[in-house]
Amino acid sequence: MNYRDIIASYFGAEYTSDIYISELISFIIGIKPVIYAAYKEAEIENFRSVFPEAHIVKTNKNILGERKEIALISRDRRLAEQAAENVSNNYELGKFLGYPECCVKRHVKRVTQAPYIRGRQLIFDIFPPNQSAPFVINNLLNFPTRLDTPEDFKNADEYWRKNSESNHLKFLMAAGNEEKEINLLNVSFITHLPCRYDCEKSVEIGRLVAKWMKENIPELFDFFKNALQRPFLIFNTFDWIAFDGKVENGILKYTGTVPPFTFVENRVKQNLSLGDSLVAEKDRIVIFKDSRPVFEYKKKDEVDGYLVDFVDLEIRPFGDKIGI
């Protein structure tokens with residue numbers, strides 16, 4: 001089976017898919033027993049044409065106070081049916097979707113404890129400041145896992161629209177004798193929220209998806225890796241800066257910022273051109289030029305702008321090294 005042609009055909013359709021590339025790859029290689037997606041007739045028909053052996057069960061789920069039609073997709077009819085029966089049970093549904101149990105438990109705790117952890121605090125909980133995390137679990141560009149309010153969905157639409165119009169989220173994939181233009185609304189090797197920045201089970205899933213992509217569609221792997229393996233200065237879900245730079249001893253040395261871009265303006269972003277390096281401390285962010293401070297931002301709290309460096313760490317998930 002030519003998976004390149006399958007991926008290009010599926011994601012090169014005229015409509016925008018609610019199933020993302022990393023999710024489909026996880027389905028292909030057996031990591032995800034079940035796929036969860038909004039039920040859209042055009043997408044379902046397209047999926048059936050590509051995977052005729054798939055079983056699709058339609059159900060309803062309450063999303064932001066509205067009943068929405070949901071599709072549960074699996075190669076095993078019974079698994080799709082069981083997932084549909086448990087669509088409102090986050091813990092059980094997470095297991096059917098192939099998420100690590102540690103991550104499912106952590107997610108359930110986040111959404112049931114008071115106050116509900118969301119937005120910037122949720123990112124901070126997963127990726128604490130001044131840490132190096134494997135780029136294969138960088139899900140900062142995977143918004144559907146973190147959209148909780150109508151405003152979140154509105155911001156996501158604006159992010160996707162502006163970056164698509166600027167071609168930052170468009171990718172040309174050669175398939176057969178033609179090129180397909182794909183809108184990459186989700187750039188991430190994992191489709192779930194990791195329980196923490198060094199979760200070995202999440203790393204294993206991310207590396208397996210990345211390995212498959214590198215072997216089958218290497219230019220797409222390069223696109224994903226270039227977007228994800230870099231330092232990020234994080235303020236909020238739609239307020240972060242991705243850098244062309246390197247972190248050494250807590251100092252970010254940068255030559256510029258890289259796409260995709262967020263649309264939220266902040267004083268740090270507006271003054272980056274003054275310098276060539278910065279440090280993000282607990283109470284402030286300082287921009288330097290040739291080691292001389294040129295701008296200082298007083299933080300509202302520790303979460304208001306902090307560095308996370310996503311790198312290609314050599315980690316041994318389950319005691320077995322998985323290289324990319």
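- Note on Glu81 versus Arg78: salt bridge recorded, some NZ/NE/NH1/NH2 to OD/OE distance being below 4.0 Å.
- Under a 4.0 Å N-O distance rule, the pair Lys95/Glu92 qualifies as a salt bridge.
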Item to check | Audit row: Glu45, Arg48, side chain to side chain contact (heavy atoms under 4.5 Å, CB included) steps and yes/no | outcome: CA-CA 5 Å; Glu45 289 306 311; Arg48 288 188 195 279; 4.1 Å; yes
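- Here the CD atom belonging to Glu296 is positioned 9.5 Å from the CZ atom belonging to Arg267, to the nearest 0.5 angstrom.
- Side-chain contact between Lys105 and Tyr99 is absent, with no heavy atoms from C-beta onward closer than 4.5 Å.
- Leu172 and Tyr3 are members of different hydrophobic clusters when ILVMFWY side chains are connected at heavy-atom separations under 4.5 Å.
- Evaluation of the side chain to side chain donor-acceptor pair (under 3.5 Å) rule for Asp244 yields Thr255 as partners, not counting sequence neighbours.
- Taking 4.0 Å as the cut-off between side-chain N and carboxylate O, Lys154 and Glu158 do not count as a salt-bridged pair.
- The 12-atom threshold is exceeded at CD of Glu265, counting heavy atoms of other residues, nucleotides or ligands nearer than 6.0 Å.
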Checklist entry - Should Lys282 and Glu302 be marked as a side chain to side chain contact (heavy atoms under 4.5 Å, CB included) after you check the CA-CA gap, both sets of side-chain angles, and the distance that decides it? => result CA-CA 5 Å; Lys282 191 170 185 178; Glu302 187 178 6; 3.6 Å; yes
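- The minimum heavy-atom distance between Ile73 and Ala54, with the atom names listed, is CG2-CB, 4.0 Å.
- With sequence neighbours left out, Asp125 forms a side chain to side chain contact (heavy atoms under 4.5 Å, CB included) with Arg106, Arg110.
- Proximity of Leu169 to Tyr159: side-chain heavy atoms (C-beta onward) are separated by under 4.5 Å at one or more points.
- Legend: residues meeting ring-ring contact (aromatic ring centres under 6.0 Å, His included) with Phe288, ordered by chain and number and at least two apart, are absent.
- Between the side chain of Thr149 and the main chain of Asp152, a donor-acceptor pair closer than 3.5 Å is present.
- Rounding to the nearest 0.5 Å gives a distance of 6.0 Å between NZ of Lys225 and NZ of Lys214.
- The heavy-atom pair separating Leu185 from Ser164 by the smallest distance is CD2-OG, 4.4 Å.
- Using a 4.5 Å cut-off between side-chain heavy atoms of Ile, Leu, Val, Met, Phe, Trp and Tyr, with links allowed through other members, Phe223 and Ile21 fall into the same hydrophobic cluster.
- Tyr36 has its ring centre no less than 6.0 Å from the ring centre of Phe96.
- For the atom pair NZ of Lys68 and OG1 of Thr59, the computed distance is 15.0 Å after rounding to the nearest 0.5 Å.
- Looking at heavy atoms from C-beta onward, Trp212 lies out of side-chain contact with Ser26 at the 4.5 angstrom threshold.
- No continuous path of ILVMFWY side-chain contacts below 4.5 Å connects Val264 to Val258, so the two sit in separate hydrophobic clusters.
- Side-chain contacts under 4.5 Å among hydrophobic residues (ILVMFWY), followed directly or transitively, place Leu307 together with Leu233, Phe235, Ile241, Phe243, Val247, Leu252, Tyr254, Val268, Leu272, Leu274, Leu278, Ile285, Ile287, Val294, Phe295, Tyr297.
- When the options Tyr306, Phe135, Phe310 are evaluated for a ring pair (Phe, Tyr, Trp, His ring centres under 6.0 Å) with Phe127, the one that passes is Phe310.
- Here the closest non-hydrogen pair linking Ile137 and Cys199 is CD1-N, 4.5 Å.
- Formation of a donor-acceptor pair under 3.5 Å by the Lys201 side chain with backbone atoms of Glu101 is not found in this model.
- Enclosure of atom NZ in Lys269 by more than 12 non-hydrogen atoms of other residues, nucleotides or ligands within 6.0 angstrom is indicated.
- Remark: Lys61 NZ is packed, more than 12 non-hydrogen atoms of other residues, nucleotides or ligands lying under 6.0 Å away.
- A salt bridge between Arg207 and Glu200 is absent, with no side-chain N of the basic residue lying under 4.0 Å from a carboxylate O of the acidic one.
- Contacts classified as ring-ring contact (aromatic ring centres under 6.0 Å, His included) and involving residues 255-280 (residues at least two apart or in different chains) are given here: His168-Phe261.
- Each of Leu140, Ile123, Leu122, Thr262 was checked for a side-chain contact (heavy atoms from CB on, under 4.5 Å) with Thr237, and the lone residue meeting it is Ile123.
- Annotation: the span from Asp309 atom CG to Phe232 atom CZ amounts to 10.0 Å, rounded to 0.5 Å.
- Around the NZ atom of Lys289, the shell of radius 6.0 Å holds more than 12 heavy atoms that belong to other residues, nucleotides or ligands.
- Counting only heavy atoms from C-beta outward, the side chains of Lys32 and Leu97 approach each other to under 4.5 Å.
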Item to check | Audit row: Phe27, Phe51, ring pair (Phe, Tyr, Trp, His ring centres under 6.0 Å) steps and yes/no | outcome: CA-CA 10 Å; Phe27 182 78; Phe51 299 99; 5.6 Å; yes
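- Between Asp76 and His55 the shortest heavy-atom distance is C-CD2, 3.9 Å.
- In the hydrophobic clustering of ILVMFWY residues, with side-chain heavy atoms under 4.5 Å counting as a link, Tyr39 and Val57 come out apart.
- Nearest heavy atom pair, residue Val311 against residue Ser132, reads CG2-CB, 4.0 Å.
- Between the side chain of Asn130 and the backbone N or O of Gly250 there is no donor-acceptor pair closer than 3.5 Å.
- Across every non-hydrogen atom of Asn236 and Gly119, the tightest pair is OD1-C, 3.9 Å.
- By the 6.0 Å contact criterion, NZ on Lys170 is enclosed, its count of non-hydrogen atoms from other residues, nucleotides or ligands being greater than 12.
- Interatomic distance, OG of Ser88 versus CD1 of Ile70, reported as 9.5 Å (0.5 Å rounding).
- Applying the side chain to side chain contact (heavy atoms under 4.5 Å, CB included) rule to Asp301 yields the partners Arg120, Val303, Asp304; only residues at least two apart in sequence or on another chain are considered.
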Next on the checklist: For Leu184 and Leu220: C-alpha separation, side-chain torsions, deciding distance, then whether side chain to side chain contact (heavy atoms under 4.5 Å, CB included) applies.
Outcome noted: CA-CA 10 Å; Leu184 299 172; Leu220 183 61; 4.2 Å; yes
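- Between Asp283 and Glu281 the shortest side-chain heavy-atom distance falls below 4.5 Å.
- With contacts defined as side-chain heavy-atom distances shorter than 4.5 Å, the pair Asn186/Ser22 qualifies.
- Looking only at side-chain heavy atoms (C-beta outward), Asn139 and Leu193 come within less than 4.5 Å of each other.
- Once rounded to the nearest 0.5 Å, the distance linking CD1 of Ile234 with CD1 of Ile126 reads 10.0 Å.
- Hydrophobic cluster membership is shared by Ile31 and Ile7, with clusters built from Ile, Leu, Val, Met, Phe, Trp and Tyr side chains linked at under 4.5 angstrom.
- Leu141 places a side-chain heavy atom less than 4.5 Å from the side chain of Trp240.
- Checking side-chain atoms of Asn163 against main-chain N and O of Pro260 turns up no donor-acceptor pair under 3.5 Å.
- Using modelled atom types, no side-chain atom of Asn46 and backbone atom of Glu43 make a donor-acceptor pair closer than 3.5 Å.
- Below 30°, between 30° and 60°, or above 60°: for Phe189 and Phe221 the angle between ring planes is between 30° and 60°, a tilted geometry.
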